[in-house]
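Convention: sequence-line order gives letters A, B, ...; per-chain numbering from 1. It should be emphasised that the depicted structure is a prediction, and the values quoted were computed from it without experimental measurement.
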Amino acid sequence: MSYQVQDVTAGKPIKLWTEGVPVEDDARKQLMNTAQMPFIFRHLAVMPDVHLGKGSTIGSVIPTQGAIIPAAVGVDIGCGMMAARTTLTAADLPDNLHGLRSAIETAVPHGRTPPRQSRRDKGAWENPPEAVDAMWASLLPGFARITEKYPRLKNTNNHKHLGTLGTGNHFIEVCLDEADHVWFMLHSGSRGVGNAIGNLFIELAQADMRQHIANLPDKDLAYFEEGSEHFADYVDAVGWAQDYARRNRDVMMVNVVAAARQVIAKPFTADVEAVNCHHNYVQRETHFGSEVLVTRKGAVSARKGELGIIPGSMGARSYIVRGLGNEEAFCSCSHGAGRSMSRNEARRRFTVDDQIKATAHVECRKDSEVIDEIPMAYKDIDAVMHAQRELVEVVHTLRQVVCVKG
DNA sequence: ATGTCC
């Protein structure tokens, strides 16, 4: 067995797949808070990229019965990864990759695309292409159902954010696998509208519980009880936002491939071994013979044979993995390497020169605004992969050659 | 992460 069990007074046990990886005391304390919630099913499962989050810990799997915690999913509902293997190899790429990066940056609006009309439109389409209109039309019936009851959600970037990257940690990469096959990989979520849905229901949960909220270990553990009106509405809205996030990644991948075709002479296809997985979401699943709501906050589903994506930091390796269906981990794995220091600490400790050296082999931004993404601010990905060897096996090892940061 | 009556 490659996991440790920590017993919690007046709570469910915590099972940690963190062998050889440091777990901060603040993250441990937060896990113990969550483990005390009476509706946790069996135990919490902790992934090796665990670190402190808002309300509950990033890199954890929170199975519940009869209740749901909206702040555990958080505001970037449906955030996740998509990767597609192409029929290209490294030799088909141009010698200078700057043109490929520019083509991708033009094809996909991102955080640094200038605001269109107001700052609120940052990173949005000015005029969404037809494929985005068609995708939005397929999402609209669900959105109309939600906004009929929660009209304030209409006033969000929804249609104009579909197929756009966002900012911060969201990125698009061109990678090479162990056989020099070219892959496209991207990381994004449900953008403005998912954020608004997350925030709305986090507020509603706290308002619904205002009489008892002082009894919770943390106000961000406020929950909806199954059978209540807001529980049903949240399950509906969070599921819709997760669909939006998945389709957001689908649209971007199509546009990344189209951009690449503009600068790569050789014809190619890109749907070989496509993977599209959430790592910030909740859904109903069956575990140990019972129906359970499984919240994965910075964790990926890893049922037996299921493909997933574990990205390393900028300049480190990333992995396409196959689930081993480890039931004790509720069939899950980590969603990345995990930070080893805060963004602020990384900015204090490293310089632009350090970032240039650490990303010498990658065509990417190397300015002061991305120092917090420097590889040294992340845990050792080899240790993280070793700690979860009973959760997933590696199918492909990818190294980045181009990285577009939002 | 997003949006900006913080």
> With A:Asp208, which residues qualify under side-chain hydrogen bond (donor to acceptor under 3.5 Å, both in side chains), at least two apart?
Replying inline: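 A:Asp208 satisfies side-chain hydrogen bond (donor to acceptor under 3.5 Å, both in side chains) with A:His230 once adjacent residues are dropped.
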>> Need one value for A:Asn157: base, sugar-phosphate or nothing, where a base atom within 4.0 Å counts as base even if backbone is also close, heavy atoms only.
In response: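 Since only primed, P, OP1 and OP2 atoms lie under 4.0 Å of A:Asn157, the category is sugar-phosphate.
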> With a 4.0 Å cut-off on heavy atoms, is A:His187 in touch with a base, just the backbone sugar-phosphate, or nothing at all?
Replying inline: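 Nothing, no nucleic acid heavy atom in range.
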> What pairs meet the ring-ring contact (aromatic ring centres under 6.0 Å, His included) rule with one or both residues in residues 306-346 of chain A, with sequence neighbours excluded?
Replying inline: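 Every ring-ring contact (aromatic ring centres under 6.0 Å, His included) pair that includes a residue of residues 306-346 of chain A, provided the two are not neighbours, is A:His43-A:Phe330, A:His279-A:His335, A:His287-A:Phe330, A:Phe288-A:Phe330.
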>> Once ring-ring contact (aromatic ring centres under 6.0 Å, His included) is applied, what residue pairs with a partner in residues 352-380 of chain A remain, sequence neighbours excluded?
In response: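 Residue pairs with at least one partner in residues 352-380 of chain A: there are none.
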>> Taking side chain to side chain donor-acceptor pair (under 3.5 Å) as the cut-off, I'd like each qualifying pair that reaches into residues 58-76 of chain A, sequence neighbours left out, listed once.
In response: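 As it turns out, the side chain to side chain donor-acceptor pair (under 3.5 Å) pairs with a partner in residues 58-76 of chain A, which skip direct neighbours, are A:Asp76-A:His170.
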For residues 171-178 of chain A, dump all side-chain donor-acceptor pairs below 3.5 Å to protein atoms at least two apart in sequence or in another chain.
| unit_1 | atom_1 | unit_2 | atom_2 | d |
| --- | --- | --- | --- | --- |
| A:Glu173 | OE2 | A:Gln400 | NE2 | 3.1 |
| A:Asp177 | OD1 | A:Ala179 | N | 2.9 |
| A:Asp177 | OD1 | A:Asp180 | N | 3.2 |
| A:Asp177 | OD1 | A:His181 | N | 2.9 |
| A:Asp177 | OD2 | A:Trp183 | NE1 | 3.0 |
| A:Glu178 | OE1 | A:Thr397 | N | 2.9 |
| A:Glu178 | OE2 | A:His396 | ND1 | 2.8 |

>> Please identify the 5'-most and 3'-most nucleotides of DNA chain B with any atom under 4.0 angstrom from a heavy atom of chain A.
In response: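 Contact boundaries, 5' end first: B:dA1 to B:dT4.
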